[in-house]
Participant: 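Before anything else, here's the structure in question.
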There are 2 protein chains.
Amino acid sequence: MLSKKTKYGLKALTFLAAQKDRVPVQIAEIAKQENISQKFLESILLTLKKNGFLGSKKGKGGGYYLLKEPEDILMTNVMRVLEGPIAMVPCVSLNFYEKCEDCPNEHKCSVNKLMLQIRDSTLQVYRNNTLADILK
Amino acid sequence: MLSKKTKYGLKALTFLAAQKDRVPVQIAEIAKQENISQKFLESILLTLKKNGFLGSKKGKGGGYYLLKEPEDILMTNVMRVLEGPIAMVPCVSLNFYEKCEDCPNEHKCSVNKLMLQIRDSTLQVYRNNTLADILK
DNA sequence: CTATTACCCTATTGATTTAATAGGATAAGC
DNA sequence: GCTTATCCTATTAAATCAATAGGGTAATAG
């Protein structure tokens, strides 16, 4: 299952990408428009900012805004930050590889073999989609 | 993440498929060979039996065995039984569809659009793999 | 017929993760 | 210096996961 964190994060990014200009949008407005708990959204936007997707401005007229154009924001990167590893098992993860402690030989493991294919096909989708693509 | 239930279930199916004949194999032996908690495996094999993948025999010389040939066991079916819905959000699920309560129009939803692609590519992999395929 | 074997079933627990809430600190602007 | 809105930490309620406990039931061997 996709976590709410990821779902809300994607919706917020989409909302910001849909703005005409790059003027800051307040958390409260995004939360209201997208039906998201404001406090929860607050922490999500913070991690998106810390990972270089968003900029922010404090005080009156403040809020969050996209740092890059939607065409330049790859889903691969967004998903890794919001949802974590793309692979369903650590032993087929590119960025978070870990050996299975219960598996003597992962190249003979049927789970490994199947999940490797899933990782590749999933990755292909994420690499083919930018924020601009899912906005249209 | 793939649940241990699914991981163990796949390993058990693979183990049974690798047997020369279709003679019953005891839970204890599968658990030992695959490093799985025996009691946990017990419940997993039970659901695989209830869903038509395995047969069982009680008493001495008893155990579990495959009901079909590995070539005829599709990963799509196995994964749905062990892991549940293949889709990451209910609003793109074929077998477990549910409307998002927070989403006014799912055809304009960016999450829906992305997850629809993920569902399709994931399904394609599962449909292309039988138990025999991941055994080789 | 009886003891043994091994599957069958229910309930409970501990650990972890998820989603959300609370409350205040910090910085920007008028 | 007051208001606005982000920033940050801690806590909690609920759900899920993985495993354990303990006994019931059916089949087989001798």
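All values below were derived from every heavy atom in this structure, side-chain atoms included, with hydrogens, water molecules and symmetry-related copies excluded. Letters A, B, ... are given to chains in the order of the sequence lines, protein chains preceding strands, and every chain is numbered from 1.
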Participant: Please check: side-chain N/O of Lys4(B) versus main-chain N/O of Phe40(B), any donor-acceptor pairing under 3.5 Å?
Facilitator: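 No.
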Participant: Please check if the number of heavy atoms outside Gln124(A) that lie under 6.0 Å from its CD is greater than 12.
Facilitator: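 At most 12 heavy atoms, drawn from other residues, nucleotides or ligands, come within 6.0 Å of this atom.
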Participant: Assign Leu45(B) to base, sugar-phosphate, or nothing according to its heavy-atom contacts below 4.0 angstrom with the strands shown.
Facilitator: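 It contacts nothing in the nucleic acid.
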Participant: Let me spell it out: for each of Gln38(B) and Ser37(A), pick the nucleotide of DNA chain C with the closest heavy atom. Which residue's pick is nearer the 5' end?
Facilitator: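 Here Gln38(B) is the residue nearer the 5' end.
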Participant: Which letter, B, S or -, goes with each nucleotide of nucleotides 23-30 of chain C from 5' to 3', with contact meaning a protein heavy atom under 4.0 Å?
Facilitator: BB-BSBS-
Participant: Please answer whether the main-chain N or O of Lys136(B) pairs with a side-chain N or O of Lys113(A) as donor and acceptor at a distance below 3.5 Å.
Facilitator: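 Yes: the side chain of Lys113(A) pairs with the backbone of Lys136(B).
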Participant: Report the hydrophobic cluster partners of Leu74(A), with the cluster defined as I, L, V, M, F, W, Y residues connected by side-chain heavy atoms closer than 4.5 angstrom, directly or transitively.
Facilitator: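 Members alongside Leu74(A): none; it stands by itself.
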Participant: Could I get a table of every N or O pair under 3.5 Å where one atom is in the protein and the other is in nucleotides 1-3 of chain C?
Facilitator:
none

Participant: Supply the atom-to-atom distance Ile36(B) CD1 to Ile44(B) CD1, rounded to the nearest 0.5 angstrom.
Facilitator: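 Ile36(B) CD1 to Ile44(B) CD1: 6.5 Å, rounded to 0.5 Å.
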Participant: Counting distance only, does the side-chain N/O of Lys99(A) pair as donor-acceptor with the main-chain N or O of Cys103(A) below 3.5 Å?
Facilitator: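 Yes: the side chain of Lys99(A) pairs with the backbone of Cys103(A).
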Participant: Checking Asn112(B) now: which residues fulfil side-chain hydrogen bond (donor to acceptor under 3.5 Å, both in side chains) with it, not counting sequence neighbours?
Facilitator: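 With sequence neighbours excluded, Asn112(B) shows a side-chain hydrogen bond (donor to acceptor under 3.5 Å, both in side chains) to no residue whatsoever.
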Participant: Quick one: do Leu2(B) and Leu123(B) end up in the same hydrophobic cluster if we chain Ile, Leu, Val, Met, Phe, Trp and Tyr together by side-chain heavy atoms under 4.5 Å apart?
Facilitator: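 Linked within one cluster.
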Participant: At a heavy-atom distance below 4.0 Å, what parts of residues 78-99 of chain A sit against DNA chain D?
Facilitator: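 Heavy-atom contacts with DNA chain D come from no residue of residues 78-99 of chain A; none.
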Participant: Is the side chain of Arg119(A) donor-acceptor paired with the backbone N or O of Val92(A) at a distance under 3.5 Å, no angle test?
Facilitator: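 Answer holds: yes.
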Participant: For Gln26(B) and for Leu2(A), locate the closest nucleotide of DNA chain C by heavy-atom distance; then report the residue assigned to the nucleotide nearer the 5' terminus.
Facilitator: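 Final value for this comparison: Gln26(B).
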Participant: Transitive ILVMFWY cluster of Phe96(A) at side-chain heavy atoms under 4.5 Å: who else is in it?
Facilitator: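 Once heavy-atom contacts under 4.5 Å are chained together, Phe96(A) still belongs with nothing else.
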Participant: Nearest whole Å is fine: how far is dA19(C) P from Glu101(B) CD?
Facilitator: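 About 12 Å, once rounded to whole Å.
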Participant: Using the test side-chain hydrogen bond (donor to acceptor under 3.5 Å, both in side chains), find all partners of Lys11(B) that sit at least two apart in sequence or belong to another chain.
Facilitator: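 By the side-chain hydrogen bond (donor to acceptor under 3.5 Å, both in side chains) rule, Lys11(B) matches Asp102(A).
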Participant: Quick check: do Leu114(B) and Ser110(B) have side-chain heavy atoms less than 4.5 Å from each other?
Facilitator: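 No, too far: nothing below the 4.5 Å cut-off.
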Participant: Taking side-chain hydrogen bond (donor to acceptor under 3.5 Å, both in side chains) as the test, write out the residues that go with Thr130(B), two or more places apart.
Facilitator: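 In terms of side-chain hydrogen bond (donor to acceptor under 3.5 Å, both in side chains), with neighbours along the sequence ignored, Thr130(B) is linked to Asp133(B).
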Participant: Please report, rounded to the nearest Å, how far the C1' atom of dC8(C) is from the NZ atom of Lys49(B).
Facilitator: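 Going from NZ in Lys49(B) over to C1' in dC8(C) covers 8 Å.
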Participant: What residues from residues 3-18 of chain B pass a heavy-atom cutoff of under 4.0 Å to DNA chain C?
Facilitator: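 Contacts with DNA chain C under 4.0 Å: none.
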Participant: With heavy atoms of chain B within less than 4.0 Å as the criterion, where does contact along DNA chain D begin and end?
Facilitator: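 Span of nucleotides near chain B: dA18(D) to dT28(D).
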Participant: Can you sort out the partners of Lys32(B) under side-chain hydrogen bond (donor to acceptor under 3.5 Å, both in side chains), two or more places apart, ordered by chain and number?
Facilitator: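 None.
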Participant: Calculate, to the nearest 0.5 Å, the distance between atoms CE and CD1 belonging to Met75(B) and Ile118(A) respectively.
Facilitator: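 One finds 10.5 Å between CE of Met75(B) and CD1 of Ile118(A).
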Participant: Just how far, in rounded Å, is P of dT21(C) from CD1 of Ile44(A)?
Facilitator: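 After rounding, the gap between these two atoms is 12 Å.
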Participant: Quick one: side chain to side chain donor-acceptor pair (under 3.5 Å) pairs with a partner in residues 64-85 of chain A, sequence neighbours left out?
Facilitator: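 Every side chain to side chain donor-acceptor pair (under 3.5 Å) pair that includes a residue of residues 64-85 of chain A, provided the two are not neighbours, is Ser3(A)-Glu83(A), Thr6(A)-Glu83(A).
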